[in-house]
Structures are given as C-alpha cells and as structure tokens.
Number of protein chains: 2
Amino acid sequence: MKMNEGVEWAVHSCVNLCFIPGEAVTAKRLAAFYELPTAYLNKQLQALTRAGILSSTSGPKGGFQLAKAPDKITLLDVVVAIDGSEDAFRCTQILKAGPGADEKADYRKTCVVSMSMRKAELTYRRELAAKTIADLVEQVESTYPETAENTRGWFANLKS
Amino acid sequence: MKMNEGVEWAVHSCVNLCFIPGEAVTAKRLAAFYELPTAYLNKQLQALTRAGILSSTSGPKGGFQLAKAPDKITLLDVVVAIDGSEDAFRCTQILKAGPGADEKADYRKTCVVSMSMRKAELTYRRELAAKTIADLVEQVESTYPETAENTRGWFANLKS
DNA sequence: GGTGCGGTACTCGGATAGAGTGTGTCCGAGTAGTTGAGG
DNA sequence: CCTCAACTACTCGGACACACTCTATCCGAGTACCGCACC
C-alpha cells in the first residue's frame, strides 16, 4: 500500500504557492526549489489543475497558481487529485463465489470484513479532509517564522 | 494507493479458520471455498505464518491453523503481514534539497506535511488495530447465525 | 509616429519509454500413512 | 503375529515468469511579447 510519491511534491508546491500569491509560478521554478525533475512535477501539477485545485496559464508569464482559497483546499483533495479516489482496500466480493452466496447481494456493503476495512479508511480520509493547505501554512509560519519570507525571496531572486 | 488484494483473502481465511478450530486446513480447501487460485492463496497464508498468525504443518494431515487466539489477532496484524509495515505516505524529505535546509534535521519528524500525513495514517492503523478477528466472527455470528454451521458443514463435506 | 501583423521564445499538455512491484504459477523439500518383507 | 523400513501420496515453501502501475521523459499545442513593415 504505497501512495504516489507525487503527493508529497504536490502538497509542498501548494504550500509554496501560498507564499507567492497572485502570481503564476512555472513548474520549472517550483521544481528547482526542491531540485525535482521538472517534467514529472509538471505532470502532478496538471493533475491538480484537472481537479480544480490549481489554475494554469500557457505561454510566457504563464505558470500555475491556486484556483481556490487555501482554506478551501484539503489534504484529501490533493491526495485524491494525484492518487485517485479509489479505496485502498478493494472488496472483490469473494463471498459471491462462496457456498450459499446471494447473487444479488452487494457484499461491499454487507460483508463485515469489507465494512471494517472501509470504516478504517473512512477515518483516514476524514482526518485528511480536516486539514487544509491554509492550516499547514499557518503551522509553518508559527513554527518557522522566517520560512515564508525566505521562500518569497528565493523565488524573487530566481526570477532574474 | 492500492492495498494488496491478498489482504481480503487472508482476512476471510482467518475468519473461516475460526469456524473450524483445532484442525489443520489445507490451502487447497480454503481456496476452493471461494474459488481462489490455490497457489497464490498459499503464498498469502505463508506470509501469515511468517508473521506468527498461523501455524503450518507439512505432509498429509497438514495444513494451516490459527497460531493465536482470534481475539489476539487484529486486522492490522493481517494487513501488515500481507502488505508490509511501511507507511503509505513516504516522506522523502524533499526539504533537504530546498534552500536553507538543515542537513542534520530529520524532516520526517519536523516537516508539517509529513506530520499531517502520518497523523492521518496513525488513526487508520489505530482503527485497524482495534478490530480483531474474534470481533469479526462475533459480528458474523450475530448477523448471519447460520453461516458458522454452514461453513463447518461445507468443509466437512469436502473432506470426503 | 502609430498600428497591425508575423515571428519567436516560453509555457502547459498529453503521448510515449523504462523500472519496479504486485499477481500468478511451478517444482522441490518435508512428513504422515501405508505396505510389504523379515523376524 | 509383530516390527521395522522403504515407498508413496500429499502438503507447505520458496524460486521463477508475467502483467500492470508508477516513474520519468519528450515533443507538440497554445500564448504573450518583440520587432518590423506598412499606413
């Protein structure tokens, strides 16, 4: 059960975008910040764009920026955008192949195994949904006060 | 983020083994119950054995049986045995490549992104750890009272 | 000098290879029961 | 008739192919800016 590696990049990039509001930042610069492969990060940002989390602009002066307020973007949104919305536990309804099975039953809802696994995942998703990008930014700013300014400065210098 | 498919088989098999206590059941019979590929289910049962959840016996009259009391086997135990104990979210500490990074810092513990993801996973694992195989068996017996006897009967008939 | 048009440089976007892991299968290692010969 | 040993049949256990998804990359589609010709 491994999550897509791009989720980490995506979340960090969203946080960084919060430090540079009202400006389109290219995938190239976002990638340079963490020394990531540009093309691959671009792919993740595309996924975020498709999900409506970012908005993208082509051409010179183009790039990505947040499409929504940071407090409206949850960690779950980002995870789903990159990693898909499917549950980790896939109930294949093996009970249907068992003896005495009800062909019409939806065992994803009645099987106690499936229910337990789903319940656990639900708490997981709920936890992720409770955390927004704005929360993360706030946490960073209170714990590492210089980070915001440093990041802004770094991106400003790279511009030249 | 997809979990190993074998987890579903493993949990169901553990539950079935609870219905047939004190007897070694072969992978072949367990597989036949749900029409699963025998060799592959065997592989999962091996993993459960390595984890100390099942005990195995070779030769005729051999097979698998629970190595512990059902109320000492949690869903988390089974998931870890089959799917591994690694966290789904892998913090690669990309902050280390960023500007102003502390080379000695362990960002798995200080990075707010990593912390949030880990916290969510922790609630997930806690939920799984709170549910035992015995709980599932009890749930089945109270919801579908005839299942236990039917299962026992099915395995008894197959023996011939 | 002002205006409009074409070229250029730069960006995102999707289509395309390569690597790693999950999925499925096969044959060898080990053991209990059976059967046969010998005492 | 009893004992023992070899054989057989059956099981687990790990090694071996196959397929799919994640990882990584490249080239084409689209756009703002710049420069030049024309009015």
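To find a chain, count down the sequence lines: A is the first, B the second, and so on, and within it residues start at 1.
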Atom-pair distance ([atom1] on [X]; [atom2] on [N]), nearest Å:
X      : N       : atom1 : atom2 : value
L30(A) : dT11(C) : CG    : C1'   : 13 Å
M1(A)  : dC22(D) : CE    : P     : 14 Å
I82(B) : dG24(C) : CD1   : P     : 14 Å
Q65(A) : dT11(C) : CD    : C1'   : 14 Å
L36(A) : dT25(D) : CG    : C1'   : 15 Å
I94(B) : dT23(D) : CD1   : P     : 14 Å
R29(A) : dT11(C) : CZ    : P     : 9 Å
N4(A)  : dA24(D) : CG    : P     : 10 Å

Practice problem: List the protein contact pattern of nucleotides 27-33 of chain D with one symbol per nucleotide (5' to 3'): B for base contact, S for sugar-phosphate-only contact, - for none; contact means a heavy-atom distance under 4.0 Å. | Solution: ---BBB-
Quiz item: When you match S56(B) and W9(A) each to their closest nucleotide on DNA chain D, which lands nearer the 5' end?
Solution: S56(B)
Self-check item: Any residue of residues 38-55 of chain B with a heavy atom less than 4.0 Å from an atom of DNA chain D
Solution: N42(B), K43(B), Q46(B), R50(B)
Quiz item: Are E8(B) and T92(A) linked by a side-chain donor-acceptor pair shorter than 3.5 Å?
Solution: yes
Quiz item: Do you know the tightest heavy-atom contact between A10(A) and V78(A)?
Solution: CB-CG1, 3.8 Å
Exercise. Write down the atom of R90(B), the atom of N4(A), and the distance for their closest heavy-atom approach.
Key: NH2-C, 4.3 Å
Quiz item: Thinking salt bridges, do K72(B) and D77(B) make one under a 4.0 Å N-O criterion?
Solution: no
Quiz prompt | Nearest-nucleotide 5' precedence on DNA chain C, P37(B) against D83(B) | solution = D83(B)
Quiz item: Which one of F19(B), Y34(B), F33(B) satisfies the ring-ring contact (aromatic ring centres under 6.0 Å, His included) criterion with W154(B)?
Solution: F33(B)
Quiz item: Can any side-chain N or O of Y107(B) pair as donor or acceptor with the backbone N or O of D102(B) at less than 3.5 Å?
Solution: yes
Quiz item: Backbone N or O of C111(A) within a donor-acceptor pair of the S114(A) side chain at under 3.5 Å?
Solution: no
Quiz item: Any idea which of dC12(D), dT25(C), dT11(C) is nearest the T26(B) side chain?
Solution: dC12(D)
Exercise. Look at all strands and tell whether A24(B) reaches a base, only sugar-phosphate, or nothing, counting heavy atoms closer than 4.0 Å.
Key: nothing
Quiz item: Does some side-chain heavy atom of P37(B) sit less than 4.5 Å from a side-chain heavy atom of W9(B)?
Solution: yes
Quiz item: So, do M3(A) and E121(B) sit near enough that their side-chain heavy atoms are less than 4.5 Å apart?
Solution: no
Practice problem: Using only side-chain N and O atoms of R90(B), determine if any of them is under 4.0 Å from OP1 or OP2 of dT23(D). | Solution: yes
